[in-house]
There are 2 protein chains.
Amino acid sequence: MSYHSSAPRPPVQGAPPLATELRARGLRLTSQRQRVLAAVAALEHGTPEEIGARLRADAGPGGAAPDTSTVYRTLELLERLGLVWHTHLGKGAPIYHAGQQHRHVHVACQSCGEISSVDPTVLDSAAERLAAELGFTLDVGHVALSGTCRTCAEKENA
Amino acid sequence: MSYHSSAPRPPVQGAPPLATELRARGLRLTSQRQRVLAAVAALEHGTPEEIGARLRADAGPGGAAPDTSTVYRTLELLERLGLVWHTHLGKGAPIYHAGQQHRHVHVACQSCGEISSVDPTVLDSAAERLAAELGFTLDVGHVALSGTCRTCAEKENA
DNA sequence: CTCGTTGCAAAGGATTTGCACAAGT
DNA sequence: ACTTGTGCAAATCCTTTGCAACGAG
């Protein structure tokens, strides 16, 4: 990938990684790309569909939002650039999130569908074991854990 | 490992859970249900599509395999009955496996798509932390971990 | 001006659904 | 016989693609 000079820089602006990454590859900075990235960041977690909806909302009545196909193409691009990340939870529902910072693990409740982000270190020991026993490199960013959240578990017990 | 299609004989032992579970709910034991369950068990891991293919293969040239829609409906039913289990790996690819045995965790390689089963205890510490910190009950059976297997990792380094 | 990009529309693949007929009990 | 199940086909959903017009560099 590219190089980072000094300390890991949090989500500060000033030199948007988007423009930089694009320019570095001879790609173009378009309003669509900026808007899609902004939408992904704004929604904590979003499916392509939800992202599209958000864009349509942001555009308002008069304005035009990026086309669905553009949303898909852009998400794919942004992911290649390392600016967004996606996970698969239930069925055909890829969840995108801005991944500029450190990765986090997603946990989804099967009952209510709520998604929480948890510290990636919860999987450290699992990753170690997989590496040691299988030579398997766990990709923490793509992992989605499912189960039942506290609230739903209590409901079921009631 | 094929059986003759003309002999509608439940290839199972004394008290097949399938028949029992069905009867207990006033549902019917059909050859399709038996065959779908057998196919899931035969394939270690299978998508609905693969299961359908297997059924077609088992049926042979002359015989008729259960319809695709029946496969879907049956998988859903079998899961409700607790006889099969499914996980989501990559995109819209639900993976079914017979759940009569003890649960195992699936690990899928993003490059070659190979799926391995690993000991569920790899997630024990993760499960404990999630329970302690969030009150979240991890459902080990539905978890699919993704990453890169040893073979593919070596290829990439080459 | 030159290509990378986008919008539109049509193509695809994977599930699901409505129904009339076949089949288990 | 009474109902549940199944096959078929059409309907959906979600995503991808082909192509001509558009716009960033």
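Below, chains carry the letters A, B, ... as their sequence lines are ordered, and counting in each starts from 1.
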Listed once per pair and sorted, the salt bridge (Lys or Arg N to Asp or Glu O under 4.0 Å) pairs that draw on [range], sequence neighbours left out:
range: residues 52-71 of chain A; answer: Arg54(A)-Asp58(A)
range: residues 128-147 of chain A; answer: Arg103(A)-Asp139(A), Arg129(A)-Glu133(A)
range: residues 28-39 of chain A; answer: none

Report the distance from atom [atom1] of [X] to atom [atom2] of [N], rounded to the nearest whole Å.
X: Leu18(B); N: dG24(C); atom1: CG; atom2: C1'; value: 13 Å
X: Glu76(B); N: dT15(C); atom1: CD; atom2: C1'; value: 11 Å
X: Tyr72(A); N: dA9(C); atom1: OH; atom2: P; value: 18 Å
X: Gln32(B); N: dT4(D); atom1: CD; atom2: P; value: 17 Å
X: Leu55(A); N: dT6(C); atom1: CG; atom2: P; value: 12 Å
X: Arg56(B); N: dG7(D); atom1: CZ; atom2: P; value: 12 Å
X: Arg25(A); N: dT5(C); atom1: CZ; atom2: C1'; value: 17 Å
X: Leu75(B); N: dT6(D); atom1: CG; atom2: C1'; value: 15 Å

### Query
Within the distance-only criterion (no hydrogens, no angle test), does the side chain of Glu154(A) pair as donor or acceptor with the backbone N or O of Thr151(A) below 3.5 angstrom?
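Between the backbone of Thr151(A) and the side chain of Glu154(A) there is no qualifying donor-acceptor contact (under 3.5 Å).
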
### Under 3.5 Å: donor-acceptor pair, side chain of Thr74(B), backbone of Thr70(B)
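Looks like yes, one N/O pair under 3.5 Å.
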
### Contact letters for nucleotides 17-22 of chain C, in which S counts primed atoms plus P, OP1 and OP2 and B counts the base, heavy atoms under 4.0 Å
BB----

Are there any protein N/O atoms within less than 3.5 Å of an N/O atom in nucleotides 22-25 of chain D, and if so, which ones and at what distance?
from: dG23(D); atom 1: N2; to: Arg28(A); atom 2: NH1; distance (Å): 2.6

### Query
What's the closest nucleotide to the Arg33(B) side chain, out of dT15(C), dG7(C), dT6(D)?
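Ranking dT15(C), dG7(C), dT6(D) by closest atom to the Arg33(B) side chain puts dT6(D) first.
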
#### Entry: Glu49(A), nearest nucleotide to its side chain (from dC14(D), dT15(C), dT6(C))
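Among dC14(D), dT15(C), dT6(C), the one nearest the side chain of Glu49(A) is dC14(D).
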
### Query
According to a 4.5 Å side-chain heavy-atom criterion applied to Ile, Leu, Val, Met, Phe, Trp and Tyr, with indirect links allowed, do Val40(B) and Leu18(B) form part of one hydrophobic cluster?
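Hydrophobic grouping puts Val40(B) with Leu18(B).
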
### Task
Determine the sole option in His97(A), His86(A), His106(A) for which the side chain to side chain donor-acceptor pair (under 3.5 Å) test with His45(A) is passed.
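Among His97(A), His86(A), His106(A), the one meeting side chain to side chain donor-acceptor pair (under 3.5 Å) with His45(A) is His106(A).
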
### Heavy atoms of other groups near Gln34(A) CD, more than 12 under 6.0 Å
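Yes, because the 6.0 Å sphere around CD of Gln34(A) holds more than 12 heavy atoms from other groups.
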
### Query
At their closest point, which heavy atom of Cys112(A) faces which heavy atom of Cys149(A), and how far apart are they?
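That closest heavy-atom pairing would be SG-SG, 3.8 Å.
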
### Message
I'd like to know whether Leu55(A) forms a side-chain contact (heavy atoms from CB on, under 4.5 Å) with Val71(A), so could you lay out the CA-CA distance, the side-chain angles of the two residues, the decisive distance to 0.1 Å, and finally the verdict.
### Response
CA-CA 9 Å; Leu55(A) 289 167; Val71(A) 172; 3.8 Å; yes

### Message
Applying side-chain contact (heavy atoms from CB on, under 4.5 Å) to Leu77(B) and Leu22(B), what does each step give before you reach the verdict?
### Response
CA-CA 10 Å; Leu77(B) 170 67; Leu22(B) 288 171; 4.1 Å; yes

### Query
For the helix from dC1(C)-dG25(D) to dT25(C)-dA1(D), how many degrees between its two end axes (five pairs per end), to the nearest 10°?
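Comparing the first five pairs with the last five, the axes sit 30° apart.
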
